[in-house]
Amino acid sequence: MEKVREILREGVRVGNEDPRRIIHAFKVGLALVLVSSFYYYQPFGPFTDYFGINAMWAVMTVVVVFEFSVGATLGKGLNRGVATLVAGGLGIGAHQLARLSGATVEPILLVMLVFVQAALSTFVRFFPWVKTKFDYGILIFILTFALISLSGFRDEEIMDLAESRLSTVVIGGVSCVLISIFVCPVWAGQDLHSLLASNFDTLSHFLQDFGDEYFEAREEGGYKVVEKRRKNLERYKSVLDSKSDEEALANFAEWEPPHGKFRFRHPWKQYVAVGALLRQCAYRIDALNSYINSDFQIPMDVKRKLETPLRRMSSESGKSMKEMSISLKKMIKSSSSDIHVSNSQSACKALSTLLKSGILNDVEPLQMISLLTTVSLLIDIVNLTEKISESIHELASAARFKNKMRPMVLYEKSDSGRIGRAIPVESHEDDHVVTVLHDVDKSNNADNSRGDSSPDSCHHHVAIKIVDDNSNHEKHEDGEIHVHTSLLEDVTRNGRLH
């Protein structure tokens with residue numbers, strides 16, 4: 001009884017993990033019921049009676065072809081259908097050739113043909129591109145060719161066998177494909193897209209929390225081991241194990257028709273390339289995490305010497321990945337991640353300057369080795385983040401992501417040292433209109449007093465048009481990136497400045 005309860009609990013867990021699995025089980029049952037009617041009830045009269053016992057091939061086709069996603073089902077269905085057609089034609093040809101050679105030579109020739117076909121087909125299965133997409137089709141080809149060519153039927157019977165076999169396979173395959181597409185479809189492409197975005201979020205979460213975890217001390221002279229750290233460990237490890245899932249989903253997605261936001265010939269292989277870079281980053285994070293949880297810990301006063309640049313490097317890299325995740329989820333082109341990449345690189349330069357100043361000269365050798373290894377891993381992560389950002393831009397261009405700018409709040413520093421701010425207001429469709437509040441010199445107050453402006457400040461309603469999504473940015477001495485106002489068109493000439 002305990003075993004039954006355990007099985008029930010496992011079933012509930014699997015269903016809760018992905019409710020689509022329950023729906024898929026019902027879809028397979030529906031497809032089996034549909035094709036079984038050809039054998040049991042012969043709903044179309046003489047047409048289905050013609051198949052006879054071969055109607056069971058339709059049932060077998062449903063069992064082996066129906067997969068979880070549309071792409072996997074289409075791939076297997078097309079493989080099975082084409083392989084059955086080609087092998088059936090070649091099998092009939094081999095059978096006819098053997099019969100013409102005479103009763104003595106016929107069995108020898110058939111055995112030789114089957115041997116050559118099976119050996120060549122099996123060898124071709126080792127080709128990587130065949131193994132990836134056509135392995136199932138090659139298996140069906142070997143089976144069908146041997147079944148038809150070695151059959152001892154008369155000529156008219158073997159033609160009936162080949163025709164009914166192909167027809168029943170087509171019926172089973174079409175039933176699977178139609179139910180898979182039109183009844184609660186599961187798209188492999190959408191799953192791959194969501195998996196990649198989730199991996200970005202996972203690594204972003206770790207990198208943004210790295211500073212708090214690495215520079216957090218225990219109450220009693222060591223390091224506090226928090227539960228959140230263990231969860232982070234489990235989360236980023238899922239990225240390390242995602243290679244097989246990504247490659248399988250990309251392969252299935254190539255079989256799928258256009259759906260949702262995914263057009264025909266969507267660049268699914270580019271998703272695999274981005275995923276490979278993410279795994280490289282995850283391996284660095286795995287090594288980085290080992291230093292957080294290591295028994296040999298560096299004193300906190302030593303770590304504090306490099307805390308500021310190390311925090312910025314990890315935090316900015318994490319923010320960059322978060323922006324890339326948002327861009328991927330919304331399928332929009334965005335240069336926001338480039339700003340954080342540049343900031344993380346500025347932190348690397350600041351760290352290099354700090355190390356050259358000899359700040360670690362008084363640190364013990366073992367402690368220095370551990371600290372510099374952490375520094376090296378973070379620098380690798382910053383460099384990989386730049387490569388990932390470039391690959392996301394390539395993906396966005398290949399997939400034709402939409403150009404879209406988020407509303408921007410601009411800050412302008414006046415001569416008096418005070419900061420003005422921009423407040424979004426209503427605008428035309430192509431413009432972003434803001435109200436700019438800035439300080440005015442007192443020397444100009446007399447002139448301004450005749451207008452509606454107050455003596456301390458003036459309010460401008462400025463229509464702003466974003467010239468380019470990939471805006472130029474100016475890097476200030478503090479290493480941060482600020483939006484340059486030269487990219488904005490002040491349309492005062494159009495009478496919009498009041």
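The figures that follow rest on heavy atoms only: side chains count, while hydrogens, waters and symmetry mates do not.
In this structure, Tyr236 has its ring center at least 6.0 angstrom away from the ring center of His205. The aromatic ring centroids of Phe262 and Trp268 lie less than 6.0 Å from each other.
Side chain of His259 to main chain of Pro257: a donor-acceptor pair is present (N/O by atom type, distance under 3.5 Å, no hydrogens or angles). Under a 3.5 Å cut-off, the side chain of Ser317 and the backbone N or O of Ser314 do not form any donor-acceptor pair. Asn251 places no side-chain N or O within 3.5 Å of a backbone atom of Glu247 that could act as its donor or acceptor partner. A donor-acceptor pair under 3.5 Å links the side-chain atoms of Ser204 to the main chain of Gly318, judged by distance alone. Ser325 places no side-chain N or O within 3.5 Å of a backbone atom of Met321 that could act as its donor or acceptor partner. Within the 3.5 Å criterion, the main-chain N or O of Arg235 finds a donor-acceptor partner in the side chain of Ser238. Using a distance-only test at 3.5 Å, with no hydrogens or angles considered, no donor-acceptor pair links the side chain of Lys269 to the main chain of Ala250. With hydrogens and angles disregarded, no donor-acceptor distance shorter than 3.5 Å links the side chain of Thr132 to the backbone of Trp129. Remark: the backbone N or O of Val272 is not paired with any side-chain donor or acceptor of Glu246 at under 3.5 angstrom. With hydrogens and angles disregarded, a donor-acceptor distance shorter than 3.5 Å links the side chain of Ser101 to the backbone of Ala98.
For the side-chain contact (heavy atoms from CB on, under 4.5 Å) with Lys237, the qualifying choice from Asp286, Thr202, Asn289 is Asp286, the only one to do so.
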Practice prompt. Kindly indicate, with the supporting measurements, whether the criterion side chain to side chain contact (heavy atoms under 4.5 Å, CB included) is fulfilled by Thr374 and Leu288.
Written response: CA-CA 6 Å; Thr374 302; Leu288 200 61; 3.6 Å; yes
Practice prompt. For side chain to side chain contact (heavy atoms under 4.5 Å, CB included), just list the numbers for Leu120 and Val116, CA-CA rounded to whole Å, side-chain angles, deciding distance to a tenth of an Å, and then say yes or no.
Written response: CA-CA 6 Å; Leu120 287 176; Val116 172; 3.8 Å; yes
Item to complete: Start with the C-alpha gap between Met324 and Ser320, add the side-chain angles, then the distance that decides, and say whether side chain to side chain contact (heavy atoms under 4.5 Å, CB included) holds.
Response: CA-CA 6 Å; Met324 287 184 264; Ser320 176; 3.4 Å; yes
Worksheet item: Should Ser36 and Val33 be marked as a side chain to side chain contact (heavy atoms under 4.5 Å, CB included) after you check the CA-CA gap, both sets of side-chain angles, and the distance that decides it?
Response: CA-CA 5 Å; Ser36 296; Val33 168; 5.8 Å; no
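Between Ser69 and Trp187 the shortest side-chain heavy-atom distance does not fall below 4.5 Å. Side-chain contact between Thr168 and Met60 is absent, with no heavy-atom pair separated by less than 4.5 Å. A 4.5 Å side-chain heavy-atom check between Met331 and Lys402 finds every atom pair outside the cut-off. Residues Asn343 and Arg312 have side chains in contact (heavy-atom distance under 4.5 Å, counting atoms from C-beta outward). You'll find the side chain of Phe68 reaches within 4.5 Å of the side chain of Arg21, heavy atoms only. Put simply, the side chain of Phe401 does not reach to within 4.5 Å of the side chain of Ile392, judged on heavy atoms. Between Leu328 and Leu395 there is a side-chain heavy-atom pair separated by less than 4.5 Å. Considering only heavy atoms from C-beta on, Glu316 stays 4.5 Å or farther from Thr385 through its side chain.
What you find for Cys184 and Ile23 is that their closest heavy atoms are CB-CG2, 3.7 Å. Listed here is the closest heavy atom pair of Val114 and Ser149: CG2-OG, 3.5 Å. Contact record, Ser327 with Ser334: OG-N, 4.2 Å, taken as the closest heavy-atom pair. Residues Ser242 and Arg279 approach most closely at OG-NH1, 3.7 Å, considering heavy atoms. The heavy-atom pair separating Ser344 from Val382 by the smallest distance is OG-CG1, 3.5 Å. Of all non-hydrogen atoms in Ser391 and Val274, the two that sit nearest each other are OG-CG2, 3.5 Å.
To the nearest 0.5 angstrom, His24 atom NE2 is 8.0 Å from Ser180 atom OG. Separating the CG atom in Leu277 from the OG atom in Ser389 is a distance of 11.0 Å, to the nearest 0.5 Å. Distance OG1/Thr84 to CH2/Trp57: 8.5 Å, rounded to 0.5 Å. Note: Leu32 CG to Ser175 OG = 10.0 Å, rounded to the nearest 0.5 Å. Rounding to the nearest 0.5 angstrom, the gap separating the CZ atom in Phe141 from the OG1 atom in Thr122 is 10.5 Å. One distance of note links CG of Leu196 with CG of Leu278; it measures 5.5 Å at 0.5 Å rounding.
Using a cutoff of 4.0 Å between basic side-chain nitrogens and carboxylate oxygens, Arg13 and Glu10 are scored as salt-bridged. With salt bridges taken as basic N to acidic carboxylate O contacts below 4.0 Å, none links Glu323 and Lys333. Under a 4.0 Å N-O distance rule, the pair Lys322/Asp201 qualifies as a salt bridge. A salt bridge between Lys133 and Glu254 is present, with a side-chain N of the basic residue lying under 4.0 Å from a carboxylate O of the acidic one. Residues Arg20 and Asp191 are paired through a salt bridge, judged by an N-O separation under 4.0 Å between the basic side chain and the carboxylate. Salt bridge annotation for Arg5-Glu2: present, with a cationic side-chain nitrogen under 4.0 angstrom from a carboxylate oxygen.
When only modelled atom types and interatomic distance are considered, Gln345 and Asn383 share no side-chain donor-acceptor pair under 3.5 Å. Residues Thr61 and Arg80 bring a donor and an acceptor atom of their side chains to less than 3.5 Å of each other. Residues Ser194 and Gln190 have side chains that bring a donor and an acceptor to within less than 3.5 angstrom of each other.
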